[in-house]
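Below is one structure; the comments refer to it alone.
Sequence positions, counted from 1, serve as the residue numbers for this chain.
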Amino acid sequence: MFKKHVFISFLMIFILLFSINITAFANKIIEQNTSVDYSSEIKLYDSNENVIAYYYELNPTGYVIVNADNNEMIEYSEYNNKYFSEKDAHYYYGGPLMYYKADMTRQVRRIIQLQSQKEVSIEDITPLMRGSEADVIGTLNIDNFLIRTRAVGSDSIPHSTARYSYNPDGRCGAVAGAIVLNYYDRYKSQSYVPSSLESSDGVSLINALVQRMGLGTNYTQLKNGLSLYLKQYYKPTTVTATTYSWGERVKKIIGKDYPCILGLTSHPKYGEHWVVVTGYNFTSNNTGTYTINDGWGNTGVYINSSYTDGCVDIG
């Protein structure tokens, strides 16, 4: 286990975890006086311009999104989806509640993240795991869920994060810290990471953080280690560790267009682990899913909020 516990939190969330073939789903909901309107089909694309999923409206209300490779249902709601309102528009899809649209009104095409209305680059659209890849990585199988309530909040950072994965000895806190610092260095100020610690794999930066925070870190060690690093290489900066109402803190940091570190606990795949949160999709009371970089080289992974116990950020 890579993350030590100092605080224990109990969070109850009731989310139905399963996927279902669209045909079987259609048969089920028809029995419930609900039907799929196949004429409403909208193709959803990935960043490589491949059709990754299909969107359908339901009668009398609701919608469903299914995987183009295997017809498994990715997303469903009893409520209408206001974002897919133009059948002829060019939409991109990054997973549950991650919607993008190509703005064709200008000579140079722009990509807009629909919930936040922020402009992003095509490379920043999170790739949805396809077919057998999802089974190997386990991304969709573990945390894919049906959204049965109206989404009340979602947001994501506008740029991609580094895919650092150097972790031979339980240094996930340092890996997560390095990913966040790299992002700040690229998109806020080129002073967060000195040239002597820059590398494509992040190893030098990760090692520098390990020297200051150690291995198998808890919230206090992670916070203090980041503070020491920032004091030496950047400037004294407030590092905040939040283990109460951390959903609000995550929303605040993501709203500033920056990532932060998220603590996982008792996760069926990751166990006790530090990751980097890049977005969130909440349905009520700051519960739902986080979109994360797992520090193992994978981005766009969805994590149920019930497996989290706090966050650490550098403001």
Side-chain angles (χ1 to χ4, degrees), residues 47 94-95 98 100 111 113 116 118-127 154-167 171-210 212-213 217 222-223 225-235 237-242 246 249-264 273-280 290-303 308 310-315:
S47 58
M98 298 300 291
Y100 307 84
I111 307 297
Q113 207 279 330
S116 66
K118 297 174 182 176
E119 183 175 354
V120 301
S121 67
I122 191 71
E123 294 81 9
D124 292 325
I125 297 177
T126 300
S154 61
D155 200 359
S156 62
I157 60 176
H159 305 288
S160 59
T161 51
R163 293 176 180 246
Y164 297 159
S165 59
Y166 178 66
N167 185 3
R171 56 180 64 195
C172 59
V175 174
I179 292 170
V180 170
L181 288 167
N182 170 269
Y183 192 94
Y184 272 71
D185 187 71
R186 285 187 292 151
Y187 300 112
K188 185 175 183 179
S189 170
Q190 293 183 347
S191 303
Y192 281 88
V193 181
S195 57
S196 61
L197 297 180
E198 290 181 345
S199 63
S200 60
D201 57 11
V203 172
S204 296
L205 179 56
I206 293 169
N207 286 337
L209 289 173
V210 169
R212 291 158 178 81
M213 67 178 62
T217 50
L222 182 57
K223 172 185 174 181
L226 283 170
S227 296
L228 288 172
Y229 170 89
L230 290 166
K231 183 178 181 180
Q232 177 177 351
Y233 289 108
Y234 180 58
K235 61 183 179 181
T237 303
T238 299
V239 179
T240 303
T242 306
W246 58 91
R249 186 66 183 178
V250 169
K251 287 166 62 176
K252 181 178 180 179
I253 301 304
I254 296 295
K256 294 179 179 180
D257 291 342
Y258 296 109
C260 62
I261 301 171
L262 187 69
L264 303 188
H273 189 46
W274 296 111
V275 298
V276 174
V277 59
T278 59
Y280 64 87
Y290 292 100
T291 306
I292 61 114
N293 177 326
D294 67 2
W296 293 356
N298 305 306
T299 59
V301 179
Y302 303 105
I303 297 292
T308 67
C311 67
V312 178
D313 67 83
I314 58 177

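Under the 6.0 Å distance and 45° angle rule, Lys188 counts as a cation-pi partner of Tyr258.
A heavy-atom distance below 4.5 Å is found between the side chains of Arg171 and Ile206. Side-chain contact between Arg186 and Tyr184: absent, with no pair of heavy atoms (C-beta onward) separated by less than 4.5 Å. Side chains of Ile314 and Tyr192 form a contact here, defined as non-hydrogen atoms less than 4.5 Å apart. You'll find the side chain of Gln113 reaches within 4.5 Å of the side chain of Ser156, heavy atoms only. Inter-residue side-chain proximity for Arg212 and Val210 is flagged as unmet; no heavy-atom pair is nearer than 4.5 Å. At least one side-chain heavy atom of Leu226 sits under 4.5 Å from a side-chain heavy atom of Ile261.
Within the model, atoms CG of Asn207 and CG of Leu197 stand 9.5 Å from one another, a figure rounded to the nearest 0.5 Å. Between the OG atom in Ser199 and the OH atom in Tyr164 there is a gap of 6.0 Å [rounded to 0.5 Å]. Summarising the geometry, atom CG belonging to Leu209 is positioned 9.0 Å from atom OH belonging to Tyr233; distances are rounded to the nearest 0.5 Å. Rounding to the nearest 0.5 Å gives a distance of 14.0 Å between OG1 of Thr308 and NE2 of His273. With values rounded to the nearest 0.5 angstrom, Ser204 atom OG is found 10.0 Å from Glu198 atom CD. The structure places CD of Gln190 at 11.0 Å from OG of Ser195, a figure rounded to the nearest 0.5 Å.
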Worked check of side-chain contact (heavy atoms from CB on, under 4.5 Å) between Tyr166 and Asp201: CA-CA 8 Å; Tyr166 178 66; Asp201 57 11; over 6 Å; no

Ring pair (Phe, Tyr, Trp, His ring centres under 6.0 Å) between Tyr280 and Tyr290, intermediate numbers included: CA-CA 4 Å; Tyr280 64 87; Tyr290 292 100; 7.3 Å; no

Arg249 and Asp313: CA distance, side-chain angles, deciding distance, side-chain contact (heavy atoms from CB on, under 4.5 Å) verdict: CA-CA 9 Å; Arg249 186 66 183 178; Asp313 67 83; 2.8 Å; yes

Audit row: Leu230, Leu181, side-chain contact (heavy atoms from CB on, under 4.5 Å) steps and yes/no: CA-CA 9 Å; Leu230 290 166; Leu181 288 167; 3.8 Å; yes

Criterion side-chain contact (heavy atoms from CB on, under 4.5 Å) on Leu264 and Leu262, from CA distance to verdict: CA-CA 7 Å; Leu264 303 188; Leu262 187 69; 4.3 Å; yes

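A 6.0 Å sphere centred on CD of Gln232 holds more than 12 heavy atoms belonging to other residues, nucleotides or ligands.
Proximity of a side-chain donor or acceptor of Asp294 to a complementary backbone N or O of Thr299 within less than 3.5 Å is not detected. The backbone N or O of Thr291 sits less than 3.5 Å from a side-chain atom of Thr278, completing a donor-acceptor pair. Under the 3.5 Å distance criterion, the side-chain polar atoms of Tyr183 are matched with a main-chain donor or acceptor of His159. Between the Trp274 side chain and the Thr217 main chain, a donor and an acceptor come within less than 3.5 Å of each other. Without hydrogens or angle criteria, Ser227 side chain to Gly225 main chain gives no donor-acceptor distance under 3.5 Å. Side chain of Asp185 to main chain of Val193: a donor-acceptor pair is present (N/O by atom type, distance under 3.5 Å, no hydrogens or angles).
The heavy-atom pair separating Pro259 from Val276 by the smallest distance is CB-CG1, 3.6 Å. Smallest separation of non-hydrogen atoms from Gly173 and Met213: C-SD, 3.9 Å. Nearest heavy atoms, Tyr229 versus Pro194: OH-CD, 3.5 Å. Listed here is the closest heavy atom pair of Ser160 and Tyr187: O-CE1, 4.2 Å. For the residue pair Gly297 and Arg163, the shortest heavy atom distance occurs at O-NH1, 3.2 Å. Of all non-hydrogen atoms in Ile253 and Cys260, the two that sit nearest each other are CG2-CB, 4.1 Å.
Electrostatic pairing of Asp155 and Lys118 counts as a salt bridge here, judged by a charged N lying under 4.0 Å from a carboxylate O.
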